[in-house]
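Note sheet for the following structure.
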Amino acid sequence: MKRKAFITASCLAVSGLIVATAWAQQRPDPEALKAKEFFGTAGIPEDRWTEGETFVPHVAPAPHFNATLLYYPGTEELQSDEVRVTFMGSTYYPNQSQSGMSILVELGNGDRFVFDLGIGSLRNYNSFSIPFNSINHVFFSHLHMDHMSDLPYFLMFRPIQGGWTPLHIYGPSGAEKQYGIGHMVEHMMKMTAWHRDSFNAWPIGEGYDPVVHEFDYMDEGGVVYDRNGVKIIHWPTSHTKDGATSYRLDWKGRSLCYTGDNRPNSLTIKHCQGVDMLISEVQNAAVSLSSQALGMPPAMAAYTIDTSHTPGYGLGYICKKAQPKVCVATHYSYDDIFNNETVAQVRHHWKGAFAFGAPDLVTFNVHGDGKVWWREGVAAESSQTPRPAFDAPLITFPAPRHQVYDVINETIEANEIPPEKWYPEGHKPELVREWPLTKDIQIPNPFARPSE
Ligand SMILES: [Zn+2]
Ligand SMILES: [Zn+2]
C-alpha cells in the first residue's frame, strides 16, 4: 500500500515536471534561446564562414555529401542539376598514383562524357565501378598516346561489359587526312582485326562499329555535341602540331572547360569566361632542377615546355583573365617537391579558388546555387568488373558472329586434352562449347538489381 502511494506521488511529480516543461516551452527563456543560437552558429558569421584565402563563398560542400574530404564512389546520387567531374587520369608519365589523362564528367540527368582516355586510366573506371557500357561518348583533345592509348582496349572490351551500341568518338581533323581522328580510328580497327574476330564469337552487337565525329581542327567555337540540353564546343589550340583542340561543356547553367595540352591561349580566355571549372594542363617549369637530377640537357625540357605546354604562371594568367569559379591544374606530375612551386607560380596572377586535378581520382562537384567542391576519391586496391548498366526490363543479347571453333584450326583443336582427363570423377560440368543460339535473344534484364 505504502509502495503504491509512493508510485502515485512520483507520478504526480513527473506529470508536474512535464507540465512545467511544457509551460517553459511556451514561454521561452530569452537566455536559453540565445545560448541555443550560439551553440548552433558559433564561429559562423551570418552569411557563412570566411576562413581561408581561396575558400571563397562558392567553394562549399553539398549537404547531401557523405563526407567532406573523401568521395566514396557509388554512395552519392547526383542531384538533378549537379555535375561530378572525376580525374581518372591526370598526367603524361603514368605511375602508381597517376594514369594518362582522362576526365569523366557525370551529369545529374544520367549522361556521362569522357574527355581523353590515356594510358592506365581504365583501371580507375573499374575501381569506381563505372561500367564501360555507360560510356557512349568519348572526346579527344589530341592524339598523343598519354591521352588516347587506352582507347583500343576500351573499345575492344566495352562490348564484354554490355556495350553493344556504337561508341561515339569525337576529335579534330589534322592538317592532312592521315593526322585526323578518323584516320586513327580506321587504322586502330585494322590493328584490332585479330582481337575483334576472336571476340566476335561472343555477343558484340554494334560494339565494334564506332561512329567517328571528326571536326575541322581550325574551326573556332563550333558545336561538336548538342543533345539532351548538353552542348559541347571546341576551338583550336597550339600544341606540338596542328590538330589539338580544347573543349567547353554547358548544361543547365553549369559549365566547364578542358584545354587539353597547349600553350596559354587567348581563345581559352575568350571561350571560358566565368565557367565553373577551367581545367588546364600545367607543367612544373623547374627545368634546371630536373636536369640536375636526370642528366637531361635543360634545353630538352625547356624546348618542350616553351613550345608546347603551360607553366604555372601561364595558367594563373589565363585564370585571372577568364575568372572561373575554380582554376584546375592537371596533366601534372603531382610531386610534393614541386607542388608548392607550381601553386606559387599560379598564384602570381590568380587569387581565386585553385585545385589540382591530380593525382588520379580527385573528384569535383558543381552543385546547388553555383557551388564547387573537390575531394579525394576512394578506391579499393582491388576491384572487379562492374555490373553493366541496363535500365530496361528486357534486354536483347546480340548473337555472336561465329563460334569459337570456327576460327581455330582443327589440328590445333585436336591437341586440346579431353576434359575427362583432368576433371575429377563426377566433377565434369556440361561443357558449353558452342553458343547455343544463332539469333539475338530478348530476355528479362539479368543485370537489374532486385530493388530496381
Ligand atoms: Zn599530354
Ligand atoms: Zn600532348
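Below, each value reflects all heavy atoms present in this structure, side chains not excepted, and no hydrogens, waters or symmetry copies. Both ligands and their constituent atoms are indexed starting at 1 by order of listing.
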Q: Please report the number of protein N, O or S atoms that lie less than 2.8 Å from the Zn ion (ligand 2).
A: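 If we list every protein N, O or S atom nearer than 2.8 Å to the Zn ion (ligand 2), we get 4.
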
Q.
Does Lys231 qualify as a cation-pi partner of Tyr225, given the criterion of NZ or CZ under 6.0 Å from the six-membered ring centre and within 45 degrees of its axis?
A.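 Cation-pi check for Lys231 and Tyr225: fails.
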
Q: Test the Arg84-Phe364 pair against the cation-pi criterion, namely NZ or CZ under 6.0 angstrom from the six-membered ring centroid and within 45° of the ring axis.
A: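 So Arg84 doesn't make the cation-pi contact.
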
Q.
Taking ring pair (Phe, Tyr, Trp, His ring centres under 6.0 Å) as the cut-off, I'd like each qualifying pair that reaches into residues 288-311, sequence neighbours left out, listed once.
A.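 Pairs touching residues 288-311 that pass the test: His239-His309, His309-His331.
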
Q | All side chain to side chain donor-acceptor pair (under 3.5 Å) counterparts of Thr438, not counting sequence neighbours | A |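 Testing Thr438 for side chain to side chain donor-acceptor pair (under 3.5 Å), a comparison that skips the adjacent residues, returns none.
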
Q. With Glu413, which residues qualify under salt bridge (Lys or Arg N to Asp or Glu O under 4.0 Å), at least two apart?
A.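 Glu413 satisfies salt bridge (Lys or Arg N to Asp or Glu O under 4.0 Å) with Arg433 once adjacent residues are dropped.
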
(Q) Would you say CD of Gln403 has more than 12 non-hydrogen atoms from neighbouring residues, nucleotides or ligands within 6.0 angstrom? (A)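 Counting neighbours around CD of Gln403, more than 12 heavy atoms of other residues, nucleotides or ligands fall under 6.0 Å, so yes.
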
